[in-house]
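Everything below concerns the one structure shown next.
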Amino acid sequence: MPELPEVETTIRGLKSIVGSKIINIKINTSKLRYFIPKSILLINNVRITKIKRKGKFIIFYLQNKHSIVFHLGMSGRLRLYKKIEFKHNKHDHFLLKTNNGKILIFNDPRRFGFIDYGLHKIIDSRKYLISLGIDALSTTLSGPYLFFKISKSIVPIKQILLNQTIIAGIGNIYASEILFNAKISPLKRGKDLKLYQCNMICKSTRKILKKAINSGGSTLRDFVATDGTLGNFQNNFKVYDREGKKVSGKVVKKIIQYGRSTYFCPFIQK
DNA sequence: AGTGAGGCCTGAAAGC
DNA sequence: TGCTTTCAGGCCTCAC
């Protein structure tokens with residue numbers, strides 16, 4: 001589910017707890033993708049100073065010099081309830097109460113997501129964060145950067161876009177949509193791309209992701225914002241999940257690359 | 001070092 | 001209808 005636009009939508013929905021204090025934490029399932037550090041239960045009356053996104057990671061910065069990290073995996077979501085409206089659901093693995101009457105829930109049926117906790121400097125040095133490439137929405141993402149990074153790679157560009165150590169935030173859906181927008185074949189190897197094509201990819205990345213954020217993300221199976229509202233961007237997909245349908249009068253094709261589905265239009269994308 | 005397959009999980013949808 | 005199979009938006013580990 002959650003790629004950059006869905007994570008960004010989630011973050012924006014968490015504004016109301018920035019500045020509030022965490023007064024209680026409960027773990028229902030300690031083993032997600034990894035075990036949740038037990039020390040997180042020691043948090044008591046600690047203020048959340050800011051909430052940020054890095055690639056697909058959500059980071060809570062706390063006043064006690066610690067951070068909480070959420071990764072939503074494939075099926076994870078963060079929901080924010082008013083205390084009086086909260087009722088427990090299946091797969092609610094983690095619960096966080098704030099002093100302004102909110103309850104934050106981490107719900108994840110497949111448990112591919114994870115939650116981490118530790119001192120800022122420990123978290124900042126986690127491999128999953130330090131290995132991240134330039135954020136897909138960063139103004140420093142540029143054609144020359146991408147060109148330099150992939151100029152020797154035999155990996156097809158679709159797979160390169162999924163590599164979080166090169167560009168952080170793109171997932172399987174938006175990779176297809178971005179390449180369609182850039183009119184570049186997902187099969188094209190990194191080393192065969194010209195600089196101008198890398199420029200196009202970066203431009204399309206910004207365009208598609210921003211548009212998706214403005215639509216509240218995409219809801220395929222189960223993405224919802226923190227307040228439960230659905231995303232809309234799936235209605236704007238040009239190729240994703242549209243095998244056999246037409247885009248600009250040409251048929252969309254589905255192929256499997258590295259075990260993941262890729263959608264594209266061979267007539268438009270070269 | 002770079003590449004590509006396999007595996008972690010559950011649930012919805014498709015197939016029989 | 002109900003059981004079985006397939007597939008899913010992520011990413012790490014391991015063999016080559």
Is there a side-chain polar atom (N or O) of [X] under 4.0 Å from OP1 or OP2 of [N]?
{"X": "A/S75", "N": "B/dG11", "value": "no"}
{"X": "A/K152", "N": "B/dT3", "value": "no"}
{"X": "A/H71", "N": "C/dG10", "value": "no"}
{"X": "A/S261", "N": "C/dA8", "value": "yes"}
{"X": "A/Q164", "N": "C/dG10", "value": "no"}

Please work out if [X] contacts a base, only the sugar-phosphate, or nothing of the nucleic acid, heavy-atom cut-off 4.0 Å.
{"X": "A/K56", "value": "sugar-phosphate"}
{"X": "A/Q159", "value": "nothing"}
{"X": "A/L162", "value": "nothing"}
{"X": "A/K149", "value": "nothing"}
{"X": "A/Y34", "value": "sugar-phosphate"}

[X] [atom1] - [N] [atom2] separation (whole Å):
{"X": "A/D108", "N": "B/dT10", "atom1": "CG", "atom2": "C1'", "result": "9 Å"}
{"X": "A/K158", "N": "C/dG10", "atom1": "NZ", "atom2": "C1'", "result": "12 Å"}
{"X": "A/I173", "N": "C/dC7", "atom1": "CD1", "atom2": "P", "result": "17 Å"}
{"X": "A/Y258", "N": "C/dC11", "atom1": "OH", "atom2": "C1'", "result": "15 Å"}
{"X": "A/D92", "N": "B/dT10", "atom1": "CG", "atom2": "P", "result": "16 Å"}
{"X": "A/L129", "N": "C/dG10", "atom1": "CG", "atom2": "P", "result": "18 Å"}
{"X": "A/L161", "N": "C/dG10", "atom1": "CG", "atom2": "P", "result": "12 Å"}
{"X": "A/R110", "N": "B/dA12", "atom1": "CZ", "atom2": "C1'", "result": "11 Å"}

Check for me whether A/K50 meets the cation-pi criterion with A/Y61, that is, NZ or CZ under 6.0 Å from the six-membered ring centre and within 45 degrees of the ring axis.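 Yes, A/K50 lies over the aromatic ring of A/Y61.
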Select one nucleotide: of C/dG10, B/dT3, C/dT13, the one nearest the side-chain heavy atoms of A/I154. B/dT3
Identify, with sequence neighbours excluded, every residue that meets side-chain contact (heavy atoms from CB on, under 4.5 Å) alongside A/K26.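 side-chain contact (heavy atoms from CB on, under 4.5 Å) list for A/K26, sorted by chain: A/N28, A/L95.
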Parallel, tilted or perpendicular: which one describes the rings of A/F237 and A/Y174, with boundaries at 30° and 60°? perpendicular
Using 30° and 60° as the class limits, which term best fits the ring planes of A/H93 and A/F106: parallel, tilted or perpendicular? tilted
State whether the distance check finds a donor on one side and an acceptor on the other, under 3.5 Å, for side chain A/R260 versus base C/dA8. no
Please state whether the base of B/dC9 and the side chain of A/R111 form at least one donor-acceptor pair under 3.5 Å?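 By the distance-only test, no, there is no pair.
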Starting at the 5' end of DNA chain C and moving along, which residue's nearest nucleotide shows up first, A/F57 or A/I256?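 Whichever sits nearer the 5' end wins; that is A/I256.
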Give a yes or no on whether the backbone of A/L137 and the side-chain of A/R206 come within a donor-acceptor separation of less than 3.5 Å. yes
Test your reading of the model: is there a side-chain donor-acceptor pair from A/E3 to the backbone of A/A175, 3.5 Å cut-off?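 A pair under 3.5 Å: no.
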Looking only at heavy atoms, what is the nearest atom pair of A/S16 and A/K102, with distance? OG-NZ, 2.9 Å
Between the side chains of A/S261 and A/K254, is a donor N or O closer than 3.5 angstrom to an acceptor N or O?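 There is no such pair between these side chains.
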Of A/K90 and A/V155, the one whose closest DNA chain B nucleotide lies more 5': A/V155
If you assign each of A/R33 and A/H91 to its closest nucleotide in DNA chain B, which residue comes earlier from the 5' end?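 Here A/R33 is the residue nearer the 5' end.
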If I pick the P atom on C/dT6 and the same atom on B/dG6, what distance separates them, to the nearest angstrom?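 B/dG6 and C/dT6 have their P atoms separated by 15 Å.
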Can A/F112 be classed as stacking with the base of C/dC11, given a centroid separation cut-off of 5.5 Å and a plane angle cut-off of 30°?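 Taking the rule of under 5.5 Å and under 30°, the ring of A/F112 does not stack on C/dC11.
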Quick one: list whatever passes side chain to side chain donor-acceptor pair (under 3.5 Å) with A/R126, sequence neighbours left out.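 A/D116.
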Using Watson-Crick and G-U wobble pairs whose two distances are both under 3.5 Å, how do you write the pairing of DNA chain B as dot-bracket, with | for links to another strand? .|||||||.|||||||
